[in-house]
*Asks:* 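The structure is given below, and queries will be raised subsequently.
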Amino acid sequence: MPKVNCKLVSWDDVMKWCWELAEVIKGSGWMPDMIVAISRGGAVPARLLCDCLCVSDMMSIQVVHWPTAAEVSEKARVKYPLKLDLSGKKVLLVDDIADTGDSLILAKKTLEADCKPAEVRIATMQWISPVCKVKPDYYVDEVKEWIWYQYPWTRLEDIIDFTRRLFKEGGKESWSLEEIAEAFPEWYGLSYEDRWYRTAVEWLVRFGELEKVDGRYRATEKLR
Ligand code: ADP
């Protein structure tokens, strides 16, 4: 059993899910005038839904997660608040996945308050029903057990994070690229072409979190 339950998502999966999502939306008899992506995770699905639903108006709202004062939990915030007149418009708010629901709830509330659209509905490809505080109006998969979807738009970002975790929790002083590649299936149930591990490690060196010594990588103070 891997330590983190992950699912590798391909571009074909994304295309298929967005197509299916568009079918569900069309089937409901409701059609949006505009699509708003929750940036950045919703950007690609939102663009594909524009295509599948023949919608030409799209914008995005960026939600970020900042640590609260105690730095125990993180609070969702809108990074660049925007006041626009969307009166009379039916808006479809799109994200890749509904997990905690915090970003969706905040984005919907902000849009309603700042842009006054006629209606906002939510669409996501996945909905993690046991933990999510909101049920999307439209979704493709109801996910009953929490899992990390390794979407293609966070391929490198996730591999960098997964590598950080190996260095923090893997109990080794130093790692070679081969050892990192070997650990991935065991830890995450995922494996990638070598160039991904090499690039992830290069970034971590650039960030000052790893250093290369005698062909092996070691965590610096910054990562420990
Ligand atoms: P949401 O309101 O979408 O549930 P969260 O605040 O829980 O938002 O998560 C923020 C973003 O982090 C999501 O929009 C998604 O891009 C990413 N994310 C969260 N959970 C997962 C997951 N289980 N798998 C992949 N990506 C995730």
Side-chain angles (χ1 to χ4, degrees), residues 1-18 20-21 24-25 35-50 58-68 70-81 91-114 120-165 184 187-192 196 200:
M1 254 314 253
K3 290 183 204 272
V4 186
N5 204 8
C6 296
K7 177 181 167 60
L8 185 72
V9 176
S10 70
W11 287 110
D12 282 348
D13 293 330
V14 173
M15 192 62 237
K16 179 173 157 281
W17 290 331
C18 288
E20 286 174 18
L21 198 48
V24 176
I25 295 165
I35 291 185
V36 176
I38 301 187
S39 184
R40 295 164 294 161
V44 176
R47 179 62 186 93
L48 292 175
L49 281 175
C50 281
M58 171 174 158
M59 55 169 242
S60 69
I61 178 167
Q62 183 159 15
V63 177
V64 288
H65 295 79
W66 287 351
T68 53
E71 295 210 356
V72 181
S73 61
E74 294 191 330
K75 197 170 163 39
R77 306 255 178 112
V78 172
K79 195 162 181 190
Y80 304 109
V91 172
L92 184 65
L93 186 62
V94 177
D95 208 345
D96 44 12
I97 188 165
D99 186 336
T100 63
D102 291 341
S103 306
L104 288 165
I105 291 167
L106 176 71
K108 185 171 181 198
K109 237 172 48 189
T110 306
L111 263 182
E112 286 169 344
D114 294 352
V120 179
R121 292 195 187 183
I122 293 173
T124 63
M125 299 184 299
Q126 278 74 41
W127 168 44
I128 311 192
S129 56
V131 294
C132 196
K133 300 179 191 85
V134 61
K135 181 179 179 185
D137 300 283
Y138 307 106
Y139 57 90
V140 177
D141 296 326
E142 177 178 355
V143 181
K144 298 258 174 69
E145 246 178 73
W146 191 90
I147 183 165
W148 184 260
Y149 280 78
Q150 213 293 268
Y151 296 115
W153 41 87
T154 50
R155 201 73 93 216
L156 184 59
E157 194 175 308
D158 287 351
I159 295 172
I160 289 174
D161 274 343
F162 291 154
T163 304
R164 277 196 184 102
R165 188 158 172 185
F184 260 64
W187 278 57
Y188 306 112
L190 301 172
S191 68
Y192 300 93
W196 289 100

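Both counts, for ligands and for their atoms, begin at 1 and track the order of listing. Numbers here simply count residues along the sequence, with the first being 1. The basis for the numbers below is simple: all heavy atoms, side chains too, and nothing from hydrogens, waters or symmetry mates.
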*Asks:* Out of all atoms in ligand 1, which are within 4.0 Å of some heavy atom of His65? Include the element for each.
*Replies:*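 With His65 as reference, the close atoms of ligand 1 come out as 6 (O), 10 (C).
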*Asks:* Quick check on atom 24 (N) of ligand 1 - does any protein heavy atom sit closer than 4.0 Å to it?
*Replies:*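 Given the 4.0 Å limit, the answer for atom 24 (N) of ligand 1 is yes, a protein heavy atom qualifies.
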*Asks:* What's the shortest distance from atom 19 (C) of ligand 1 to any protein heavy atom, and which residue and atom give it?
*Replies:*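 Looking only at protein heavy atoms, the one closest to atom 19 (C) of ligand 1 is Asp99 OD2, 3.7 Å.
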*Asks:* Could you tell me whether atom 11 (C) of ligand 1 has at least one protein heavy atom nearer than 4.0 Å?
*Replies:*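 When distances to the protein are checked, atom 11 (C) of ligand 1 has no heavy atom within 4.0 Å.
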*Asks:* Within a distance under 4.0 Å of any heavy atom of Gly101, pick out the atoms of ligand 1 and give their elements.
*Replies:*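 Once the distances to Gly101 are compared, the set is 1 (P), 2 (O), 4 (O).
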*Asks:* How close does the nearest protein non-hydrogen atom get to atom 13 (C) of ligand 1, and which residue and atom is it?
*Replies:*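 Here the nearest protein heavy atom works out to Asp96 OD1, 3.8 Å.
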*Asks:* Quick one: which ligand 1 atoms are inside 4.0 Å of a heavy atom on Trp146?
*Replies:*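 Listed by number with element, the hits are 23 (N).
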*Asks:* What residue and atom, counting heavy atoms only, is the protein's closest point to atom 8 (O) of ligand 1, and at what distance?
*Replies:*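 It is Ser103 OG, 3.1 Å.
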*Asks:* Write out the residue and atom name of the closest protein heavy atom to atom 5 (P) of ligand 1, then the distance separating them to 0.1 Å.
*Replies:*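 Ranked first by proximity to atom 5 (P) of ligand 1 is Thr100 OG1, 3.4 Å.
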*Asks:* Does Asp161 come within less than 4.0 Å of Arg164, counting only side-chain N to carboxylate O?
*Replies:*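 Here Asp161 pairs with Arg164 in a salt bridge, since their nearest N and O are under 4.0 Å apart.
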*Asks:* Starting from atom 26 (N) of ligand 1, locate the nearest protein heavy atom and write down its residue, its atom name and how far away it is, to 0.1 Å.
*Replies:*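 Protein heavy atom at minimum distance: Trp148 CH2, 3.5 Å.
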*Asks:* Is there a heavy atom in Gln126 that sits closer than 4.0 Å to ligand 1?
*Replies:*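 Contact check Gln126 vs ligand 1: negative.
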*Asks:* Considering non-hydrogen atoms of the protein only, which is the closest contact for atom 3 (O) of ligand 1, and what is the distance?
*Replies:*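 The closest one turns out to be Ile97 O, 2.8 Å.
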*Asks:* What atoms in ligand 1 come closer than 4.0 Å to a heavy atom of Asp95?
*Replies:*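 Numbered from 1, ligand 1 contributes 3 (O), 14 (O).
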